[in-house]
Amino acid sequence: MSSTNSKQPNIPKDEISDKNNTFTDSFLDQTLRPTHWDEYIGQKHIKDNVKILLRAAEERGQIPEHILFYGPPGLGKTTLAHLIAKETGRQMKITSGPAIEKVGDLASILTNMAPGDILFIDEIHRLNKMVEEILYPAMESGVLDIIIGKGPSARTIQLDLPPFTLIAATTRVAMVSSPLRSRFSGGVFRLEFYSDEEIAEIVRRSSKLLNATLDEEALKEIAKRSRFTPRMANYFLKRCRDYAQVHKKDLDKDTVKNALAMLSIDDMGLNASDRKFLEILIEKFNGRAVGLKTLSAALAEEESTLEEVVEPYLIQLGLLERTVRGRMATPKAYTHMGFDLPTSE
């Protein structure tokens, strides 16, 4: 990946300690992003399927079919799209569902693509429905149907498009309409959460790219708090490196613990919002089942934030149960938060 940028930050030369690290942190996501399949850790079932898809298309002299990736944020959907572009040697145009507001926006993107280019649409579930209708024939037949005019004088013109591959990503696959999902003939792939071992391997690789010397215990400490997500693991690594640099300390286990404590991250990866959620559930409601609306009012948070951001990780850790009567803290949550288990009456 090219490191050239037309607008580099204005950093005095005497503030740059290592020539090889110039501007690394300004584009850290790109720096840490894998550039080859061997560097992409985890998601083996997806890698195997996608590699076969790409190789078969190459051997037939065709472009790869359209692909949809879905799963929680930070698991590597965008990274997979970049890897596919690199492996096929194709140019990739990047946009997002909310950015394509009108049919003309999509038409402009598609008609300016070269044959074989890849179009990556992030958060495709937020695509305007009228735009989505225009996308169907573009994906299936390589044509763009545009209506000119209104009323009785309206007419349809059909534009032939260069062959292209659409790669889409979404965090909410249920909001992607069934007709659109069915047109991803190359496959619809769900990204799974990572194991602690896979996260540790990712942190190990990232630390080398950042020239951060990290011992094994510190590496494991970051991995186990990363919420099974590479993006979070890399974020913790950067903040721990900053802490060690400012305090002139080695990047060991104690340094990592102190740095993450400043971020209010505990040893299970819970942040302040997670712990507040559990505290209110246990203390304020005495372990009873509580409805989402009641919790939302008690925490002064939107229901969607609790349901989509806070609760999933607590459920994965076995700290929260969703029952027909409402949300309940599990015995494991009481133990972790330092509360006595409620006595049955």
Side-chain angles (χ1 to χ4, degrees), residues 1 3 21 24-25 27-55 64 67-90 92 94 118 120 122 167-171 173 186-241 251-253 256 259-260 265 267-269 312-313 316-317:
M1 183 176 291
S3 59
N21 286 330
T24 294
D25 284 353
F27 309 97
L28 200 51
D29 286 343
Q30 291 90 332
T31 302
L32 299 181
R33 182 168 285 154
T35 56
H36 303 287
W37 285 119
D38 292 342
E39 296 177 352
Y40 189 96
I41 298 161
Q43 311 297 344
K44 185 177 184 301
H45 68 294
I46 294 179
K47 288 196 297 183
D48 290 345
N49 278 283
V50 170
K51 283 195 280 189
I52 288 175
L53 174 72
L54 299 182
R55 183 170 178 178
I67 302 171
L68 174 64
F69 296 122
Y70 74 96
L75 295 186
K77 298 182 288 295
T78 303
T79 299
L80 279 169
H82 280 277
L83 274 176
I84 291 171
K86 284 185 173 293
E87 289 295 317
T88 56
R90 306 290 186 178
M92 184 167 74
I94 303 173
I118 293 172
F120 176 63
D122 198 10
I167 301 177
T170 179
T171 54
V173 72
V188 177
F189 300 104
R190 182 182 190 276
L191 276 75
E192 305 288 346
F193 282 105
Y194 288 67
S195 67
D196 285 349
E197 291 75 20
E198 289 171 336
I199 293 290
E201 191 62 33
I202 290 169
V203 174
R204 185 179 289 109
R205 175 183 175 272
S206 297
S207 66
K208 291 177 181 177
L209 292 173
L210 296 176
N211 287 330
T213 304
L214 192 72
D215 68 32
E216 196 66 22
E217 289 300 314
L219 189 148
K220 290 179 180 177
E221 198 67 31
I222 291 175
K224 77 174 186 178
R225 303 182 190 216
S226 67
R227 304 172 82 96
F228 317 119
T229 306
R231 183 181 295 163
M232 190 64 68
N234 284 329
Y235 168 69
F236 287 163
L237 173 63
K238 290 182 289 179
R239 298 292 71 81
C240 291
R241 182 194 62 165
L251 202 48
D252 55 20
K253 184 177 181 179
V256 166
L260 296 182
I265 305 297
D267 57 359
M268 289 187 75
Y313 186 59
Q316 288 170 19
L317 293 180

Residues passing the salt bridge (Lys or Arg N to Asp or Glu O under 4.0 Å) test with Glu197, sequence neighbours excluded, are none
Ring pair (Phe, Tyr, Trp, His ring centres under 6.0 Å) filter on Phe193, not counting sequence neighbours, yields none
With sequence neighbours left out, the residues meeting ring pair (Phe, Tyr, Trp, His ring centres under 6.0 Å) with Tyr194 are none
Would you check if Thr213 and Leu251 make a side-chain contact, meaning some heavy-atom pair closer than 4.5 Å?
no
Is it true that a side-chain atom of Lys77 and a backbone atom of Arg190 form a donor plus acceptor pair closer than 3.5 Å? no
So ring-ring contact (aromatic ring centres under 6.0 Å, His included) across residues 208-234, not counting sequence neighbours, yields Phe228-Tyr313
Those residues at least two apart in sequence (or on a different chain) that pass salt bridge (Lys or Arg N to Asp or Glu O under 4.0 Å) with Lys51 are none
Pair Leu260-Asp267, side chain to side chain contact (heavy atoms under 4.5 Å, CB included): steps then yes or no
CA-CA 9 Å; Leu260 296 182; Asp267 57 359; over 6 Å; no
Short question: side chain of Glu87, backbone of Leu83 - any donor-acceptor pair under 3.5 Å?
no
Between Leu80 and Leu191, does a side chain to side chain contact (heavy atoms under 4.5 Å, CB included) hold up when you go through it step by step? CA-CA 10 Å; Leu80 279 169; Leu191 276 75; 4.0 Å; yes
Given the options Val203, Ile202, Ile41, Pro230 meets side-chain contact (heavy atoms from CB on, under 4.5 Å) only with Ile202
Inset, instruction - Please confirm whether the backbone N or O of Glu192 pairs with a side-chain atom of Gln43, one donor and one acceptor, at under 3.5 Å? - result: yes
message: For Arg55, is the CZ atom crowded, meaning more than 12 foreign heavy atoms sit under 6.0 Å from it?
response: no
Salt bridge (Lys or Arg N to Asp or Glu O under 4.0 Å) filter on Lys208, not counting sequence neighbours, yields none
- Task: Determine, for Arg205 against Glu201, whether the closest basic-nitrogen to carboxylate-oxygen distance falls under 4.0 angstrom.
- Result: no
Arg227 side-chain N/O to Gly269 backbone N/O, donor-acceptor pair under 3.5 Å: yes
Item to complete: Apply side chain to side chain contact (heavy atoms under 4.5 Å, CB included) to Ile84 and Phe120, showing your working.
Response: CA-CA 11 Å; Ile84 291 171; Phe120 176 63; over 6 Å; no
